[in-house]
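The residues of the chain are indexed from 1 along the displayed sequence.
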Amino acid sequence: MPELPDTQAFLDPDASREYLRSWKESVDRTAARAAAMSERMERLRVTARDGNGLAEVTIDSAGVLVGLELTDRIHRFEPQVVARAVMSALRDARARAADRAHEIAVETMGPDSLSARTVADRMRQALERPGQEPPAGDDEPERRGH
């Protein structure tokens, strides 16, 4: 965008028109990138599995569960183990979605964009809610009927 170095240049009608035209083009480009980012975020879907292969979840860009598949292996485990597997996969999917949202923001808005950083940070906060970590020692599933 051209600079208007002093009041004299600002008062020059041609320089002012050029400055405003350039400023409008810049705003239009930013708006187009923001719209593209929004569209890509809306289409975002992330799938993840738990570490024991019991559950697979798919979430949307808001972290809402849009798909759940359980393997036949769940019949060999206690219900609370299956529930932990689903929650583990959900946490992983949300973390991956936050990472992908950051990538989308940087790809569309640019790496130095304050808008990209703000959107990515807000999505990460929304997707990676604190307090959802599993209790210590829940890595190994408990089988039914030892």
Side-chain angles (χ1 to χ4, degrees), residues 1-6 9-10 15-146:
M1 188 159 46
E3 294 292 320
L4 291 178
D6 58 29
F10 186 73
S16 293
R17 275 192 285 276
E18 176 59 24
Y19 175 81
L20 290 174
R21 184 195 59 73
S22 178
W23 178 79
K24 182 185 178 313
E25 286 175 0
S26 175
V27 169
D28 289 346
R29 280 191 305 273
T30 301
R33 286 193 307 265
M37 178 179 65
S38 178
E39 184 179 313
R40 288 180 67 187
M41 293 288 190
E42 284 294 317
R43 291 192 320 253
L44 179 64
R45 298 288 183 272
V46 175
T47 299
R49 290 190 175 124
D50 73 292
N52 296 307
L54 300 177
E56 178 181 278
V57 301
T58 300
I59 63 167
D60 66 11
S61 62
V64 174
L65 187 65
V66 295
L68 171 63
E69 292 188 29
L70 302 172
T71 66
D72 288 338
R73 293 184 63 226
I74 65 166
H75 301 292
R76 297 185 297 222
F77 298 94
E78 296 295 325
Q80 68 270 19
V81 173
V82 176
R84 285 193 306 260
V86 171
M87 294 306 293
S88 173
L90 186 57
R91 278 188 300 277
D92 187 32
R94 285 181 170 167
R96 290 180 187 186
D99 290 344
R100 186 63 190 124
H102 180 267
E103 291 170 4
I104 290 169
V106 168
E107 288 168 5
T108 54
M109 299 300 290
D112 298 327
S113 168
L114 177 59
S115 297
R117 287 193 303 274
T118 301
V119 167
D121 289 347
R122 285 187 181 159
M123 290 206 56
R124 184 167 305 282
Q125 289 171 358
L127 289 165
E128 295 180 348
R129 292 173 176 69
Q132 292 187 352
E133 292 303 311
D138 281 347
D139 293 338
E140 280 299 310
E142 301 166 20
R143 292 185 181 256
R144 285 187 182 176
H146 302 281

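Rounded to the nearest 0.5 angstrom, S38 OG and R43 CZ are separated by 10.0 Å. Note: S115 OG to R33 CZ = 9.0 Å, rounded to the nearest 0.5 Å. To the nearest 0.5 Å, the span separating CD on Q125 from CZ on R122 amounts to 8.5 Å. Of the inter-residue distances, the one linking L127 atom CG with H102 atom NE2 reads 13.5 Å to the nearest 0.5 angstrom. In this structure, CD on E42 lies 8.0 Å from CG on D60, to the nearest 0.5 angstrom. Taken to the nearest 0.5 Å, the OG1 atom of T58 stands 8.0 Å off from the CG atom of L65.
Looking at every heavy atom in both residues, A97 comes nearest to I59 through CB-CD1, 3.8 Å. Considering all non-hydrogen atoms of both residues, M123 and S61 come closest at CE-O, 3.2 Å. Smallest separation of non-hydrogen atoms from A55 and A89: O-CB, 4.1 Å. The two residues V57 and A93 have their closest heavy-atom pair at CG2-CB, 4.0 Å. Minimum heavy-atom separation, A120 to A105: CB-CB, 4.5 Å.
A salt bridge links E107 to R100: at least one charged side-chain nitrogen sits closer than 4.0 Å to a carboxylate oxygen. Ion pair R117/D112 not flagged as a salt bridge, since none of the NZ, NE, NH1 or NH2 atoms sits closer than 4.0 Å to an Asp/Glu carboxylate oxygen. Salt-bridge check for R94 with E128: failed, with every basic side-chain N at 4.0 Å or more from each acidic carboxylate O.
N52 is not listed as a side-chain neighbour of V81, based on a closest heavy-atom distance of 4.5 Å or more. Using a 4.5 Å cut-off on side-chain heavy atoms (C-beta onward), D99 and R96 make no contact. Residues V86 and L70 have side chains in contact (heavy-atom distance under 4.5 Å, counting atoms from C-beta outward). Contact of the T30 side chain with the M109 side chain is registered, since non-hydrogen atoms from C-beta on lie closer than 4.5 Å.
Within 6.0 Å of atom CG in D72, 12 or fewer heavy atoms from other residues, nucleotides or ligands are found, so the atom counts as exposed in its surroundings. Crowding of R49 atom CZ: a count of heavy atoms from other residues, nucleotides or ligands under 6.0 Å not exceeding 12. Counting non-hydrogen atoms of neighbouring residues, nucleotides and ligands closer than 6.0 angstrom, the CZ atom of R45 exceeds 12 such neighbours.
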(request) Apply the test side chain to side chain contact (heavy atoms under 4.5 Å, CB included) to residues D28 and E25: give CA-CA distance (whole Å), side-chain angles for both, the deciding distance (0.1 Å), then the verdict. (result) CA-CA 5 Å; D28 289 346; E25 286 175 0; 5.6 Å; no

